[in-house]
Protein chains: 2
Amino acid sequence: MLDRKIFFYIPSTFKLNNKIAFNMKKSVTIKDIAKELNVSIATVSRALRNSSEISKETKKAVLKLAKEMDYHPNLVARSLINKSSRVLGVVVPTINRQFWSNSISGIENEAYKVGYKVMIFQSAESYQKEVEIVEILANSMVDGILIAFSKETQDFAHVQHVVDRGIPVLLFERVSEFLQLSKVVTDDFLGAKTIVNHLIERGKNRIAYIGGPLSLTVCMDRFLGYKSALLENKIPFDEKLAIEISDFNVEYAGRAFKELWESGNRPDAVFCFADVLALGVLAVSKELKIKIPFELAIAGFGNDEIAKYVSPSLTTMDQPSFQIGQLAAKLILEQINSEEKDDFLFKTEIIKPVLVIREST
Amino acid sequence: MLDRKIFFYIPSTFKLNNKIAFNMKKSVTIKDIAKELNVSIATVSRALRNSSEISKETKKAVLKLAKEMDYHPNLVARSLINKSSRVLGVVVPTINRQFWSNSISGIENEAYKVGYKVMIFQSAESYQKEVEIVEILANSMVDGILIAFSKETQDFAHVQHVVDRGIPVLLFERVSEFLQLSKVVTDDFLGAKTIVNHLIERGKNRIAYIGGPLSLTVCMDRFLGYKSALLENKIPFDEKLAIEISDFNVEYAGRAFKELWESGNRPDAVFCFADVLALGVLAVSKELKIKIPFELAIAGFGNDEIAKYVSPSLTTMDQPSFQIGQLAAKLILEQINSEEKDDFLFKTEIIKPVLVIREST
DNA sequence: TTGTATGCGTTATCAC
DNA sequence: GTGATAACGCATACAA
């Protein structure tokens with residue numbers, strides 16, 4: 001079957017056509033259709049917006065003609081007059097990592113339900129670009145801005161500034177304690193604790209920890225969550241089972257786990273800091289022919305690119321990152337809607353990013 | 001070091017503050033600053049837009065007051081009058097896959113250079129949603145729309161419709177031959193051929209092929225690119241070295257490669273259809289302790305999530321998907337700028353998605 | 001129920 | 001140089 005002749009084969013990409021065509025059209029407005037129908041533009045406007053103060057007949061006539069003339073409402077003009085564009089602006093460091101693209105999907109998902117659109121920008125971890133973006137968004141009449149700060153960002157004046165201009169802003173994941181705003185973040189301590197408890201409940205008591213450098217807050221939080229779970233369950237902490245590796249690297253994690261396994265002091269479960277590390281452990285497990293999950297259970301945080309390879313059944317919506325997005329959108333929409341009422345209370349929502357990767361049954 | 005006490009530790013996420021605050025402000029306009037300065041709004045407008053027909057003093061005064069009053073131009077109003085928002089609309093099936101998010105990064109990168117913003121929407125592979133999105137974009141005065149069709153999309157009237165309204169549209173990657181528009185696509189045939197030639201140039205002549213089901217056009221194109229390279233280099237096609245697997249699955253690819261390797265009929269290089277498959281091959285290579293790239297070279301298409309794990313040195317901008325985005329943006333911006341001139345010729349650009357994953361030196 | 005007039009914030013075309 | 005004024009496309013208070 002693989003032995004077909006190729007001489008007369010035309011790759012599909014070559015079948016595409018190159019043609020010319022171009023036409024500049026001015027779009028039809030309510031004015032046009034009003035003139036055509038000999039009514040006022042106010043009447044047309046009312047008919048199109050399904051207003052109550054209009055007769056059935058004129059409404060029908062307007063709608064009919066609008067369709068015939070191929071009328072489309074200009075959302076920009078509508079924004080200007082309504083002082084609302086029904087658009088949320090989102091600023092993330094990059095959309096190239098699953099965590100952020102998932103978050104955005106969550107935001108979009110929630111926004112879409114109530115007819116909101118989402119405008120996405122990437123700061124590319126650049127403070128300067130972030131400042132520019134926030135300025136653009138603020139000047140574009142978006143109804144709200146959701147920001148995850150770039151790594152460079154130390155000064156938050158640009159955000160405080162748009163807040164002072166009365167624009168709803170929400171921070172997620174990469175937040176600042178200096179800004180009094182609604183925030184959505186993951187709770188690393190509680191998340192880790194929950195995961196480890198999960199393993200303990202399933203009868204594991206020699207649970208290894210493999211994580212990144214403890215100098216990072218996120219690592220320390222997760223490590224202490226791990227310890228806390230052991231403590232509460234009266235499982236002694238075994239220093240030899242806890243490994244701190246210097247970087248989030250598949251190879252390092254694999255090597256560390258290999259040494260651990262071959263040391264004889266074998267764990268019955270591994271709590272991995274992130275699924276990049278889990279992948280390393282999984283790879284070595286395969287190499288060593290360890291049965292997952294029966295001989296060894298692997299669980300950890302799953303907010304990374306690799307998750308779906310490790311756990312193919314995982315859908316986007318299962319990801320904590322997606323839920324962060326959803327919650328973030330929900331919160332800012334709440335704030336936007338309460339703007340008139342002038343009684344909004346900022347909230348900080350904390351997500352437990354539990355994602356069990358391969359647990360034993 | 002890992003033995004710290006945790007009793008007094010406060011996870012960082014708990015340090016966040018919940019406070020209230022809220023203020024609705026009406027933004028300052030050129031009218032406000034004109035009144036304050038006792039000049040006309042026209043003068044203010046000219047000063048702010050750095051017009052030539054204005055005196056240095058008034059300009060300076062306006063700029064100074066504008067800063068003091070915290071003036072920001074309303075981009076929506078500007079769009080309305082300029083009939084241009086300097087925004088590109090992008091519709092992709094999802095941003096959750098590296099291929100698409102990379103493409104978007106490419107688009108953004110190019111657009112950003114000329115002061116354009118990018119509005120991103122996900123069709124979620126739904127035709128219905130795609131139609132809605134295109135409508136929204138068309139009504140939002142975006143200057144151009146870039147679309148990669150959803151899998152469901154068979155009917156292209158929604159696109160033809162906005163084209164007829166005079167809105168520049170460009171198709172990328174998932175295109176249609178029924179629409180006469182500029183397009184940017186990858187050339188699977190040439191891409192595969194180039195990769196295989198690359199391996200041949202490096203002295204390999206027992207090059208295995210591992211790819212997906214040939215019923216898919218993309219697979220057939222790549223397979224024939226592989227064959228074509230062999231043919232041109234007078235290397236006989238060995239049926240036993242060409243493996244068609246039923247799905248894009250890490251495990252399948254690994255298993256197929258393992259069988260191949262253990263059959264004794266060993267290749268000195270593998271051309272992998274996609275890097276998901278390459279990952280499978282890499283995993284098994286590790287298991288079998290095959291030296292990569294010395295004993296075996298692996299090369300293939302690299303538009304997938306896994307690429308950076310396989311080839312850590314790879315940057316986003318190296319990805320063909322990024323280049324597709326760049327080219328797409330370049331083309332549509334060209335079209336937008338030539339709109340007045342009414343002389344634009346649609347082009348189809350074909351990208352060769354060559355990404356060598358682990359080549360031998 | 002419909003029409004008139006005004007405004008959203010900005011730019012552009014005239015005059016002066 | 002600067003100032004009125006008319007757009008851009010739409011919505012609405014008010015009048016009829």
Side-chain angles (χ1 to χ4, degrees), chain A residues 24-63 65-66 69-86 136 138-143 165-167, chain B residues 24-63 65-66 69-86 136 138-143 165-167:
Chain A
M24 189 64 178
K25 281 193 187 176
K26 48 222 140 293
S27 47
V28 4
T29 72
I30 53 170
K31 193 186 275 181
D32 300 324
I33 138 166
K35 195 181 294 171
E36 193 78 18
L37 222 54
N38 266 325
V39 294
S40 73
I41 59 168
T43 305
V44 176
S45 173
R46 276 187 276 252
L48 289 169
R49 305 199 326 96
N50 213 359
S51 168
S52 57
E53 40 182 42
I54 193 149
S55 77
K56 285 221 167 181
E57 298 87 55
T58 42
K59 187 165 142 189
K60 195 176 247 173
V62 168
L63 257 44
L65 188 62
M69 295 180 71
D70 195 29
Y71 166 81
H72 298 271
N74 184 322
L75 297 182
V76 171
R78 208 171 256 182
S79 298
L80 190 59
I81 202 158
N82 286 340
K83 294 188 173 311
S84 157
S85 56
R86 293 189 86 76
I136 288 174
N139 298 346
S140 297
M141 297 186 72
V142 294
D143 290 5
R165 285 167 67 184
I167 299 166
Chain B
M24 189 65 176
K25 281 195 186 175
K26 48 222 140 292
S27 46
V28 3
T29 72
I30 53 170
K31 194 186 274 181
D32 299 325
I33 139 166
K35 196 182 292 171
E36 193 77 19
L37 223 55
N38 265 327
V39 294
S40 74
I41 58 169
T43 306
V44 176
S45 175
R46 276 187 276 251
L48 290 169
R49 305 195 324 95
N50 211 1
S51 167
S52 56
E53 40 182 39
I54 191 149
S55 78
K56 285 221 166 183
E57 298 86 54
T58 41
K59 187 164 141 189
K60 194 175 249 174
V62 168
L63 258 43
L65 187 62
M69 296 180 71
D70 194 31
Y71 166 82
H72 298 270
N74 184 323
L75 298 181
V76 172
R78 202 172 263 181
S79 299
L80 190 59
I81 200 155
N82 286 341
K83 292 184 175 312
S84 157
S85 56
R86 294 189 85 76
I136 289 173
N139 298 346
S140 297
M141 296 187 72
V142 294
D143 290 5
R165 285 167 66 185
I167 300 166

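Quick note on labels: first sequence line is chain A, next is B, and so on, each numbered from 1. All heavy atoms count here, side chains included; hydrogens, waters and symmetry mates do not.
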dG9(D) phosphate, OP1 or OP2: any side-chain N/O from Lys83(B) under 4.0 angstrom?
yes

Q.
Check this one for me: any side-chain N or O of Arg78(A) less than 4.0 Å away from OP1 or OP2 of dA11(D)?
A. yes

Rounding to 0.5 Å, atoms CE (Met141(B)) and CD1 (Ile167(B)) come to a distance of 9.5 Å

Side-chain contact check for Ser45(A): nearest option of dT1(C), dA12(C), dA11(D) is dA11(D)

The residue, Ile41(A) or Ile54(A), whose nearest nucleotide of DNA chain C is more 5′ is Ile54(A)

For this session: Start with the C-alpha distance between Leu48(A) and Tyr71(A), add both sets of side-chain angles, then the distance that settles side chain to side chain contact (heavy atoms under 4.5 Å, CB included), and finish with yes or no.
Result: CA-CA 10 Å; Leu48(A) 289 169; Tyr71(A) 166 81; 3.4 Å; yes

Side-chain atoms of Ile81(A) come closest, of dG3(C), dC8(C), dT2(D), to dC8(C)

Residue-phosphate contact under 4.0 Å: Thr58(A) side-chain N/O, dT2(C) OP1/OP2: yes

| said: Measuring to OP1 and OP2 of dT2(C), would you say a side-chain N or O of Ser55(A) lies under 4.0 angstrom away? | reply: yes

_N/O (side chain, Ser40(A)) to phosphate O (OP1/OP2, dG3(C)) under 4.0 Å_ = yes

Between Ala77(B) and Thr43(B), whichever has its closest DNA chain D nucleotide further toward 5' is Thr43(B)

- Within the structure, does a side-chain N or O atom of Arg46(B) lie under 4.0 Å from either OP1 or OP2 of dG3(D)? no

request  = Could you give me the CA-CA distance, side-chain angles and deciding distance for Asn139(A) and Asn74(B), then say whether side chain to side chain contact (heavy atoms under 4.5 Å, CB included) is met?
outcome  = CA-CA 5 Å; Asn139(A) 298 346; Asn74(B) 184 323; over 6 Å; no

With the side chain defined as heavy atoms from C-beta on, Leu80(A) is closest, among dT10(C), dT2(D), dG9(C), to dG9(C)

On a heavy-atom basis, the closest approach of Ser85(B) and Asp143(B) is N-OD1, 3.0 Å

